[in-house]
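In what follows, every chain begins at residue 1, and chains take the letters A, B, ... in the order their sequences are listed.
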Amino acid sequence: MPALLWRRLSAYGLTVLLFIMSQVRVRFAPSPTGFFHIGSARTALFNWLYARHTGGTFVLRIEDTDKERNTDEALRVLLEGMRWLGLDWDEGPEAGGDYGPYFQSQRQSIYDEYLKKLVDAGRTYEKDGAIWFKLEGERYTAYDEYLKAEIEKVKAAPVVIDDAVRGRVERAEEKDFVLVRKDGSPVFHFVNVVDDIAMGITHVIRGEDHLSNTSKHVELFNAFGVEPPVFAHIPLILKEEGSGKMSKRDKGALIEEYEERGFLAAAVRNYISLLGWNPKDEREKMDIGEIIDLFDFPGINKGNSRFDEKKLSALNAEYLRELNLESFTFLARPLLNQAGVVAEDEDEDYLQAVLGLCQPKARSLDTMSEMCAYFFQDEYTMDEKTGANISRKADPKVLLAEVLPILETIEPFDADTLKSALEAHAESQGQKVFAYFPALRYSVSGQGGGPDLLPMLAVMGRDRVVSRIQRFIA
RNA sequence: CUCCCGUUCGUCUAGCCCGGUCUAGGACACCUGGUUUUCAUCCAGGCAACAGGGGUUCGAAUCCCCUACGGGAGGCCA
């Protein structure tokens, strides 16, 4: 059958292919917990990418069955995180769609209806007030080492999962499982499958932590007489240090954290797309259109990957450098204001001039405040080590006293003019101009490093430079 | 305890399906040098890996088996 079908399809060429592909329906089904975990974000991203790659539909379904958590706030964090990453959904909260409602808390009647199908088919039974799914197969009782109890087990036929990432996986369920709790609420495995059926989901892309449970899901699909969707179980993201998958407590685990720290969404998105997937060539920095083009199941890895903040930062730095100065300033300003480094009413031109010096060397926006605090504040800490190093060669006060008159009078106060004047002076003293540089930098910034010195002095302006040197000498 | 998945430089990975082109490529990190002040940019160079064992083969990172290790699941959590 498939061979014949394929021949047919090829005959019609691209048109038919596009038609088939447009049938793709994927979903991201988070439960709002109050934070947006990087692993969830990556799952959302892969689903979104696959939908965009195939011209399919990306559904956002909220698994909000846990009423205890602050759902309003938790939902807001989630939706905001999605938007920040640029993951727009075609159906779901605020977007609507023909398969709603998109909140599990509002789908009870659908679950009732589907449960009835299983009851009618004789695939359920009641025990301890809960409704259980009945596996098919020979039954026996055995002691379960994990449950520490004598329980009924079933020799069910193994279920075959044809996973798009892992290939053929076989697994047999051996215990009946609960569909509806004593309190009447349906469990995850049941609602997940029902929703996927009811919403016409064709591809389930999710973390490998669900792989073992997939046999339950396939049992349910079979019981409903529905062909299961294509499963694609993607590898997990492991924590940077130590063992286990990343959890919300680990550094760098939360998407909202990156937003606050001034990371660029495009950089974060690019980085997480590379966790467990790659384009099979040497490209790393890719714009989103390129990623959409290249993204597909064969490029997804099987092995788990470890989160590496350094690599994220390096990518972020690349994106940062591409920004024009206006955008860079726009993004950096709030962080600098927040850090108390830059006053709310600070002059935009001065800020931009300073950031123009710092941008080429910036790795992330959140380190910006310490990098350039001395441009804005006259009280800055003097790095002792640098001070000691400088004094070893010559008395910086003497050197500065020599050049101070030049700085006080030179016109205009710009990098080129400063350069020639300082060079001329150095020559007259039988010195190289660089002999003066460390003392100059140290006196006006307290640092041993920073942006190019002369442009830096020019940006700071005569008044600031002169008074700082005077204070240093005194 | 059982089951499932995985394992290439410190890290992300290419190569594996279709065995020779692999003295295993790239990137991040790190180290060195340069960019004739600094340095966080930039440039050049360097360090560094096929988990172990057995088999198949003229030949294995690539195929098969075993072991080890890592991860996940087994809940009236999702």
Check nucleotides 65-69 of chain B against the protein and report each pair of N or O atoms closer than 3.5 Å, with its distance, or say if there are none.
none

Original post:
On a plain distance test, is the side chain of A/Asn213 in donor-acceptor contact with the base of B/rA78 below 3.5 Å?
Top reply: yes

Subject >> Contacts of A/Phe328 that satisfy ring-ring contact (aromatic ring centres under 6.0 Å, His included) - sequence neighbours left out >> reply: none

Please list, one pair per line, the donor and acceptor atoms closer than 3.5 Å that link side chains of residues 296-307 of chain A to other protein atoms, with sequence neighbours excluded.
from     : atom 1 : to       : atom 2 : distance (Å)
A/Arg306 : NH1    : A/Lys239 : O      : 2.9
A/Arg306 : NH1    : A/Gly242 : O      : 3.1

Subject >> Strand-adjacent residues in residues 314-325 of chain A, judged by heavy atoms under 4.0 Å from RNA chain B >> reply: A/Ala314, A/Arg321

Subject >> Residues in ring-ring contact (aromatic ring centres under 6.0 Å, His included) contact with A/Phe46, at least two apart in sequence or another chain >> reply: A/Phe295

Subject >> With sequence neighbours excluded, residues passing salt bridge (Lys or Arg N to Asp or Glu O under 4.0 Å) with A/Asp144 >> reply: A/Lys153, A/Lys175

Original post:
Is the distance from OP1 or OP2 of B/rC76 to the nearest side-chain N or O of A/Ser185 less than 4.0 Å?
Top reply: no

**OP:** Output yes when at least one side-chain N/O atom of A/Lys285 is less than 4.0 Å from OP1 or OP2 of B/rG26, else no.
**Re:** no

**OP:** Mind jotting down which residue pairs meet the salt bridge (charged side-chain N to carboxylate O under 4.0 Å, His left out) criterion with at least one end in residues 101-119 of chain A? Sequence neighbours excluded, please.
**Re:** A/Arg107-A/Asp195, A/Lys116-A/Asp120

**OP:** Report the residues that fulfil salt bridge (Lys or Arg N to Asp or Glu O under 4.0 Å) with A/Asp287, sequence neighbours left out, ordered by chain and then residue number.
**Re:** none

Original post:
Taking only residues at least two apart or on different chains, which pairs with a member in residues 358-376 of chain A satisfy salt bridge (charged side-chain N to carboxylate O under 4.0 Å, His left out)?
Top reply: A/Arg261-A/Asp366

Report all side-chain donor-acceptor pairs from residues 440-451 of chain A shorter than 3.5 Å, counting only partners two or more places apart or in another chain.
from     : atom 1 : to       : atom 2 : distance (Å)
A/Arg441 : NH1    : A/Pro451 : O      : 3.1
A/Arg441 : NH2    : A/Pro451 : O      : 2.9
A/Tyr442 : OH     : A/Asp383 : O      : 3.3
A/Ser443 : OG     : A/Ala439 : O      : 3.1
A/Ser443 : OG     : A/Leu440 : O      : 2.9
A/Ser445 : OG     : A/Arg441 : O      : 2.7
A/Ser445 : OG     : A/Gln447 : N      : 3.0

Subject >> By side-chain hydrogen bond (donor to acceptor under 3.5 Å, both in side chains) - contacts of A/Thr141 (at least two apart) >> reply: none

Original post:
Reading nucleotides 1-15 of chain B from the 5' end, what letters show protein touch, with B for base, S for backbone sugar-phosphate only, - for no heavy atom under 4.0 Å?
Top reply: B-SSSS----SBSSS

